[in-house]
Amino acid sequence: MVRTMSLLRALIGTARIVRGTPRLADGLPPDDTVLLDAPDGELGPALVAAALGDHEPAAELLATTRGAAEWENRDRYVIRLAAFAYHRDGWLAGWLAASPHDPDALLVRAELEVRRAWGTPARAERLRAAGPLVSAAAEADPLDPVPWRLALDHARGARTGHTAFEALWEQAVRRSSLHYGCHLAALRYLSALWRGSHREGLDFAERAAEDSPPGSLVRALPAQAALTPLLEGAVTAAGPDRIDAAADRAAELSARFRDGDPWAAEIRNLLVYLLIARGRWHEALEQFRVIGPHATSFPWERVTDDPLGRFLDARDGVRIEVASSTPLRRARRARRARAAVAGARRGRVAGHAVPGDHYA
C-alpha cells in the first residue's frame, strides 16, 4: 500500500508539471516539425538538383556568393555540398568534367577530399594527396578566403608546424579579416596543440571576439572555445565565469537575428547547449523559442548518435526545469517528470546527421 501511494503521488506530480508546461511551450514548434540541418531557401534547390545529377544550381549558387564576396554563405554552402557529395558525387564529377577549371567546382572537390581523408585510418597519407587540390582551389580565385579556411583544416589534420600554419593564417585573414570559418579552424588547430589548455583556447577566442564589430560571427568564437571544457568536465579549469561570459556574448549575437532564422541556427544550438550546462534554464528556453524548427547536428552530435533526439529531449528538459521553478513544482517532481519524458522518448526515430563542420 505504501508503494502504491508513493507511485500515485509520483504520477500526480508528473501530471501537474505536464499540465503546467503548455503555457511555457508557446512559440515552440511541435516535435514533428523540427528538422535537423535543414538547408535554407538558396541551398535547398541546389541539393535537390544535385540528387538528380544536375550540378547547375550548385554552380550558380556558389558563383553568386563568389561574385558578391559573401564569404560566410559561400563557406557554409561549400561544406554542405561537399557533405552531400560524400555519399553521392556523380553530380560533382559531371561538373568537373564540364568545367575542369571552375573555381567553385575545384573548391567543392578539395573540401570533399579533405573530408574523405579525415575519416580514414590513413588520414596523413590521404591528406598529403589532397594537398594539391587545396592549393588548386586557392589559386583558382586569389580573393577567396574559403580555400584558406580549408587549408587551415588540412594543416590541423596533417599536423603542420607553427610557422607553416601562421603563414596560412596570414593568407586567410588578408582576404577576410573577420571570416568566422577561418577563425574557427585556427581555434581548433590551437586547441589540438594545447591538448586541453582550455584557458589558452578561451584567450584566443576572446581576443578575436573583442576585435570584431557587433554582429560579426566571430563574436561567437568564445562559445566554441567553451564547448570543449564543458564536454570534458573541465569547467573549473577553464573558468566558469568565462564560460558564462562566452554564453552572454553569443546571446547578444543571437539577438541580432530574427526568430527562426536558419542562418543563426547553429550558433543558437551551441548557445542553448552552454546555457543548459550552466543551469540557465529560462535563458535556454528563450533560445529554444528563437531557434524554432531548426535543430543542427552540432553540438549535439558531440554527445550522441541521435542529435535530433537529444535536441528534443533537451528542449523538454528545459521546459520542465522552468516549470518546476515555481513553488508548487519542486525539484523532486521535475526529476520524476524528466524520467517520464525520457521513457516516452525511447522509441523516437533517430535523425540523420551530416558530418560536423570543419571536421570537429
Side-chain angles (χ1 to χ4, degrees), residues 39-40 42-120 122-158 160 164 167-176 179 181-182 185 354-359:
D40 65 19
E42 301 295 328
L43 178 61
L47 292 174
V48 171
L52 299 174
D54 182 5
H55 67 270
E56 286 294 340
E60 293 175 7
L61 176 63
L62 292 185
T64 298
T65 62
R66 181 163 46 88
E70 295 175 349
W71 306 129
E72 303 293 358
N73 277 333
R74 180 174 178 79
D75 200 3
R76 292 191 181 193
Y77 293 156
V78 166
I79 289 170
R80 292 295 302 274
L81 288 166
F84 183 81
Y86 190 89
H87 300 287
R88 303 180 65 174
D89 63 356
W91 62 277
L92 179 58
W95 186 3
L96 288 164
S99 306
H101 304 294
D102 187 319
D104 305 316
L106 292 175
L107 180 54
V108 176
R109 180 178 66 168
E111 176 77 31
L112 172 60
E113 291 308 315
V114 170
R115 182 178 293 269
R116 283 174 170 165
W118 204 270
T120 66
R123 178 192 297 178
E125 181 180 349
R126 292 285 298 271
L127 283 172
R128 281 196 296 272
L133 298 178
V134 177
S135 299
E139 292 167 1
D141 186 349
L143 299 179
D144 187 356
V146 179
W148 295 97
R149 186 274 302 158
L150 180 57
L152 295 172
D153 283 334
H154 179 272
R156 175 163 59 98
T160 299
L168 295 174
W169 172 250
E170 180 182 352
Q171 293 293 331
V173 296
R174 182 182 299 174
R175 287 160 174 80
S176 179
H179 189 265
C182 289
V354 298
D357 285 0
H358 311 318
Y359 325 107

Residues which pass side chain to side chain donor-acceptor pair (under 3.5 Å) with E72, listed by chain and number, not counting sequence neighbours: none

Closest contact, heavy atoms only, A140 versus L106: CB-CD1, 3.9 Å

Return yes when atom CD of E70 has more than 12 non-hydrogen atoms of other residues, nucleotides or ligands closer than 6.0 Å, and no otherwise. yes

For A59 and D104, which heavy atoms make the closest approach, and how far apart are they? O-OD2, 4.1 Å

How long is the straight-line distance from CZ of R123 back to CZ of R128, given to the nearest 0.5 Å? 13.0 Å

Any donor-acceptor N/O pair, R109 side chain to L92 backbone, under 3.5 Å: no

Could you tell me which residues satisfy side chain to side chain donor-acceptor pair (under 3.5 Å) with R126, sequence neighbours excluded, listed by chain and number? none

In terms of heavy-atom contacts, P57 and A46 come closest through CB-CA, 3.9 Å

Among V146, D141, L143, which residue satisfies the side-chain contact (heavy atoms from CB on, under 4.5 Å) criterion with R66? D141

For L81 and L43: C-alpha separation, side-chain torsions, deciding distance, then whether side-chain contact (heavy atoms from CB on, under 4.5 Å) applies. CA-CA 9 Å; L81 288 166; L43 178 61; 4.2 Å; yes

side-chain contact (heavy atoms from CB on, under 4.5 Å) evaluation trace for L152 with C182: CA-CA 7 Å; L152 295 172; C182 289; 4.2 Å; yes

Carefully, step by step, assess Y86 and L112 under the rule side-chain contact (heavy atoms from CB on, under 4.5 Å). CA-CA 6 Å; Y86 190 89; L112 172 60; 4.1 Å; yes

Taking every non-hydrogen atom, the tightest pair across A172 and P145: O-CB, 4.2 Å

Test R116 against E113 for salt bridge (Lys or Arg N to Asp or Glu O under 4.0 Å), laying out the working first. CA-CA 5 Å; R116 283 174 170 165; E113 291 308 315; 2.9 Å; yes

Begin from the C-alpha positions of R149 and E111 and carry the test salt bridge (Lys or Arg N to Asp or Glu O under 4.0 Å) through to its verdict. CA-CA 10 Å; R149 186 274 302 158; E111 176 77 31; 2.8 Å; yes

Take D40 and Y77 through the side-chain contact (heavy atoms from CB on, under 4.5 Å) test and state the conclusion after the steps. CA-CA 10 Å; D40 65 19; Y77 293 156; 2.7 Å; yes

Taking side chain to side chain contact (heavy atoms under 4.5 Å, CB included) as the test, write out the residues that go with E60, two or more places apart. E56

Would you name the heavy atoms of D75 and H179 that are closest together and state the gap between them? OD2-CE1, 2.9 Å

Go through the structure and list residues passing ring pair (Phe, Tyr, Trp, His ring centres under 6.0 Å) with W71, not counting sequence neighbours. none

Under the side chain to side chain contact (heavy atoms under 4.5 Å, CB included) test, residues paired with A151 that sit two or more places apart: V134, W148, L168

Testing the basics here: between R74 and L62, what is the closest heavy-atom pair and its distance to 0.1 Å? NH1-O, 2.9 Å

For W95, which residues count as a side chain to side chain donor-acceptor pair (under 3.5 Å) partner, sequence neighbours excluded? D102

Could you give the distance from CG (L107) to CG (L150), rounded to the nearest 0.5 Å? 7.0 Å

May I ask you to decide if A51's main-chain N or O and R88's side chain share a donor-acceptor pair within less than 3.5 Å? yes

